[in-house]
Amino acid sequence: MRVDVLTLFTAMFDGPLNESILKRAQADGRLDAHIHDIRTYATDKHHTCDDAPFGGGAGMVMKIAPLAAAIEDISSADGAPAHVIYLTPDGTTLTQAIAQELSRKPRLMLICGHYEGIDERIRTRYVHQELSIGDYVLTGGELAAMVVIDAVARLLDGVISADSLAEESHSDSLLEYPHYTRPALWQEMPVPPVLRSGDHGKIAVWRRQQRLERTYLRRPELLSTAILDKADRAFLRSLGWYDSLWTQHPPRRAKPKAESE
Ligand code: ADE
């Protein structure tokens with residue numbers, strides 16, 4: 001996948017892209033990341049990229065011209081047309097499902113705003129999707145763009161093992177089960193005995209129940225979209241979960257009365 005990032009602060013990407021899994025994904029040719037400085041597209045002497053807002057008010061707004069020039073120049077570079085994303089606190093909140101959808105696109109372009117944001121007409125003309133990484137305001141879109149790149153890149157084929165992706169949090173609306181490694185006893189805290197029993201059937205049941213219990217206790221709203229079988233439901237009910245009869249068994253409609261009645 002090719003990812004183009006448009007930013008006023010290119011150096012912010014140096015660390016995240018040059019460590020660990022993202023570094024390896026690029027070395028293996030699975031992620032092709034290009035970080036572009038919007039300022040180089042500003043044609044005036046001072047490379048001005050911001051201006052005062054029409055209508056007054058605090059802060060500055062990122063100008064149209066440098067951004068439009070950057071988007072047009074970069075999207076005409078080789079390859080598939082880019083899916084253009086603007087990072088903004090008023091966008092749709094990023095979820096694992098959105099990361100999965102994005103991981104199937106051949107090319108992304110991430111626009112990082114700063115100051116009060118970008119001129120609305122850039123959003124109208126070029127942007128396909130607006131994403132937020134949560135209900136709080138950052139100093140700019142850069143950290144959010146890095147979060148998107150990280151969440152998407154790890155889903156690309158071969159970047160991490162398919163097994164690691166299978167039962168992780170949010171992959172199927174359930175949180176992940178707890179993990180343990182050596183030593184078996186640490187500060188009087190033993191590893192749950194089932195994990196040392198060698199009984200893979202029992203371990204699978206224990207892990208499933210841990211996922212269900214964690215989700216019920218921490219994020220109960222996720223259970224409404226999780227795929228639950230009879231055993232899952234029975235286990236959750238034993239914890240006090242109340243699965244609404246309405247969602248499980250839609251109420252039967254009253255039989256229409258016969259004309260003569
Ligand atoms: N820019 C500033 N805050 C942001 C957020 N929460 N998500 C995405 N982009 C942002």
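Below, each value reflects all heavy atoms present in this structure, side chains not excepted, and no hydrogens, waters or symmetry copies. Atoms within a ligand are numbered from 1 in the order they appear, just like the ligands themselves. This one's a predicted model, so the numbers in the text were calculated from it and none came from an experiment.
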Within residues 156-165 or reaching into it, pairs that qualify as salt bridge (Lys or Arg N to Asp or Glu O under 4.0 Å) - sequence neighbours excluded: none
Check: Leu17 and Ile35 side chains under 4.5 Å, non-hydrogen atoms: yes
Plane angle bin for His34 and His36 - parallel if under 30°, tilted between 30 and 60°, otherwise perpendicular: parallel
Any donor-acceptor N/O pair, Asp150 side chain to Val147 backbone, under 3.5 Å: no
Put together the list of close N/O pairs, under 3.5 Å, between ligand 1 and the protein, could you?
| from | atom 1 | to | atom 2 | distance (Å) |
| --- | --- | --- | --- | --- |
| ligand 1 | 3 (N) | Leu138 | N | 2.9 |
| ligand 1 | 6 (N) | Gly134 | O | 3.2 |
| ligand 1 | 6 (N) | Tyr136 | O | 2.8 |
| ligand 1 | 7 (N) | Ile133 | N | 3.0 |
| ligand 1 | 9 (N) | Thr88 | N | 3.2 |

Which residues share a side chain to side chain contact (heavy atoms under 4.5 Å, CB included) with Gln187, sequence neighbours left out: none
Under the side chain to side chain contact (heavy atoms under 4.5 Å, CB included) test, residues paired with Pro178 that sit two or more places apart: Tyr180, Trp206, Gln210, Arg214
